[in-house]
Amino acid sequence: MTIRVIIVDDQAMVRAGFAALLSAQADIDVVGEAPDGREGVRVSRTVHPDVVLMDVRMPEMDGLAAARELLAPPPGVVHRPKVLMLTTFDIDDYVYEALRAGASGFLLKDAPPADLIAAVRVVASGEALLAPSVTRRLIADFVQQRPAPRRDPALRLKGLTPRETEVLELIARGLSNQEIAGHLVLAEQTVKTHIGRVLAKLDLRDRAQAVIFAYEAGLVRPGDPH
């Protein structure tokens with residue numbers, strides 16, 4: 001299956017470079033580009049990409065606002081692409097807000113070309129881009145600096161079974177599916193089933209959002225032991 005991608009960045013050279021790199025892959029087709037978030041939303045709703053590479057800081061409409069538009073579309077708009085945020089900073093408040101909005105992860109603009117290609121494939125497959133250990137470190141840092149005041153996530157936890165709650169906690173502690181399977185003495189496919197149910201019950205898009213939710217709900221706290 002060919003992965004349809006659009007690139008949204010205010011720097012023409014960045015768009016051209018990314019487009020050339022991705023178009024050279026047999027399984028990736030760059031179907032559009034845009035210089036700002038507003039145009040990015042328009043292009044996305046016209047060509048229906050699988051993945052949107054979205055710069056964080058842009059004129060007219062920044063990447064965060066554009067991601068929100070794409071991931072929570074108005075009534076009548078069915079298409080919701082995966083959104084991969086591009087940033088020059090590895091710790092960026094906008095990135096965390098984008099993850100909350102439903103973005104599938106983020107990538108540093110100066111990452112090696114192979115990382116960009118791999119990131120597009122990972123996000124297109126429905127996974128969060130961030131490796132569990134990296135997710136845990138970044139989200140823990142963020143939550144520690146800005147504790148979420150809402151109590152709503154804790155209430156939503158009550159809809160999970162004890163096993164599902166356990167799986168969510170292990171995701172937030174940075175364990176991979178394979179590690180969770182070993183820890184709970186389960187088949188890896190069973191773990192994937194549990195994760196699917198957790199995401200569905202909590203209305204979360206992917207693993208990155210699950211980690212944020214677990215911290216906001218108080219299921220795990222920054223500094224907790226693994």
Side-chain angles (χ1 to χ4, degrees), residues 1-12 14-19 21-23 25 27-89 92-109 111 115-130 135 138-139 142 196 199-200 202-213 216:
M1 182 191 77
T2 301
I3 302 167
R4 295 166 56 81
V5 177
I6 68 169
I7 301 164
V8 185
D9 193 292
D10 60 340
Q11 298 179 49
V14 170
R15 296 198 307 273
F18 284 0
L21 178 66
L22 294 173
S23 295
Q25 309 306 307
D27 60 336
I28 299 175
D29 187 10
V30 177
V31 296
E33 60 177 66
D36 61 69
R38 194 176 310 283
E39 180 67 6
V41 171
R42 188 195 68 76
V43 172
S44 178
R45 291 189 176 150
T46 301
V47 301
H48 293 175
D50 301 302
V51 177
V52 176
L53 292 179
M54 181 77 74
D55 188 22
V56 172
R57 302 173 188 276
M58 292 180 292
E60 294 294 325
M61 176 186 283
D62 66 26
L64 174 58
R68 285 178 173 148
E69 287 268 335
L70 292 175
L71 297 167
V77 177
V78 177
H79 179 253
R80 290 206 308 175
K82 302 290 193 302
V83 176
L84 176 58
M85 305 302 295
L86 300 169
T87 179
T88 52
F89 305 100
D92 188 316
D93 290 353
Y94 285 102
V95 169
Y96 293 104
E97 291 303 319
L99 290 174
R100 281 204 176 100
S104 294
F106 74 92
L107 186 71
L108 295 178
K109 281 189 176 182
D115 286 4
L116 173 65
I117 296 165
V120 168
R121 290 173 177 150
V122 167
V123 169
S125 73
E127 294 293 319
L129 172 65
L130 309 179
T135 304
L138 293 175
I139 306 302
F142 176 68
L199 297 180
L202 299 177
D203 193 26
L204 304 173
R205 283 176 65 89
D206 55 32
R207 198 183 198 98
Q209 279 202 315
V211 174
I212 293 174
F213 180 93
E216 291 188 335

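In this structure, CZ on Arg15 lies 8.0 Å from CG on Asp10, to the nearest 0.5 angstrom. To the nearest 0.5 angstrom, Asp9 atom CG is 12.5 Å from Arg57 atom CZ. Atoms CG and CZ, from Leu202 and Phe213 in turn, are 4.5 Å apart once rounded to the nearest 0.5 Å. To the nearest 0.5 Å, the span separating CG on Leu22 from CG on Leu116 amounts to 4.5 Å. Here CG of Leu70 is found 10.5 Å from CZ of Arg80. Values are rounded to the nearest 0.5 Å. The line from CG of Leu107 to CE of Met54 is 14.5 Å long, rounded to the nearest 0.5 Å.
Between Glu60 and Pro35, every side-chain heavy-atom pair lies at or beyond the 4.5 Å cut-off. Within the 4.5 Å cutoff, the side chain of Asp55 has no heavy atoms near those of the Val8 side chain.
When all heavy atoms of Val123 and Ser104 are compared, the pair lying nearest together is CG1-CB, 3.7 Å. Closest of all the heavy-atom pairs between Pro49 and Ser44 is CD-O, 3.3 Å. Residues Glu69 and Val41 approach most closely at CB-CG2, 3.9 Å, considering heavy atoms. In terms of heavy-atom proximity, Met58 sits nearest to Gly37 at CE-N, 3.6 Å. What you find for Arg38 and Met61 is that their closest heavy atoms are N-CB, 3.5 Å. The shortest non-hydrogen separation linking Leu64 to Met85 is N-CE, 4.2 Å.
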Check your understanding: What do the steps show when you test Ile3 against Gln25 for side chain to side chain contact (heavy atoms under 4.5 Å, CB included), and what is the final call?
Key -> CA-CA 10 Å; Ile3 302 167; Gln25 309 306 307; over 6 Å; no

Check your understanding: Given the rule in the side chain to side chain contact (heavy atoms under 4.5 Å, CB included) test, do Leu53 and Ile6 qualify, once you have shown the distances and angles that lead to the verdict?
Key -> CA-CA 6 Å; Leu53 292 179; Ile6 68 169; over 6 Å; no

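The closest donor-acceptor contact from the side chain of Arg42 to the backbone of Ala34 lies at 3.5 Å or more, if one exists at all.
Among Leu21, Val51, Val5, Asp50, the one residue that satisfies the side chain to side chain contact (heavy atoms under 4.5 Å, CB included) test with Ile28 is Val5.
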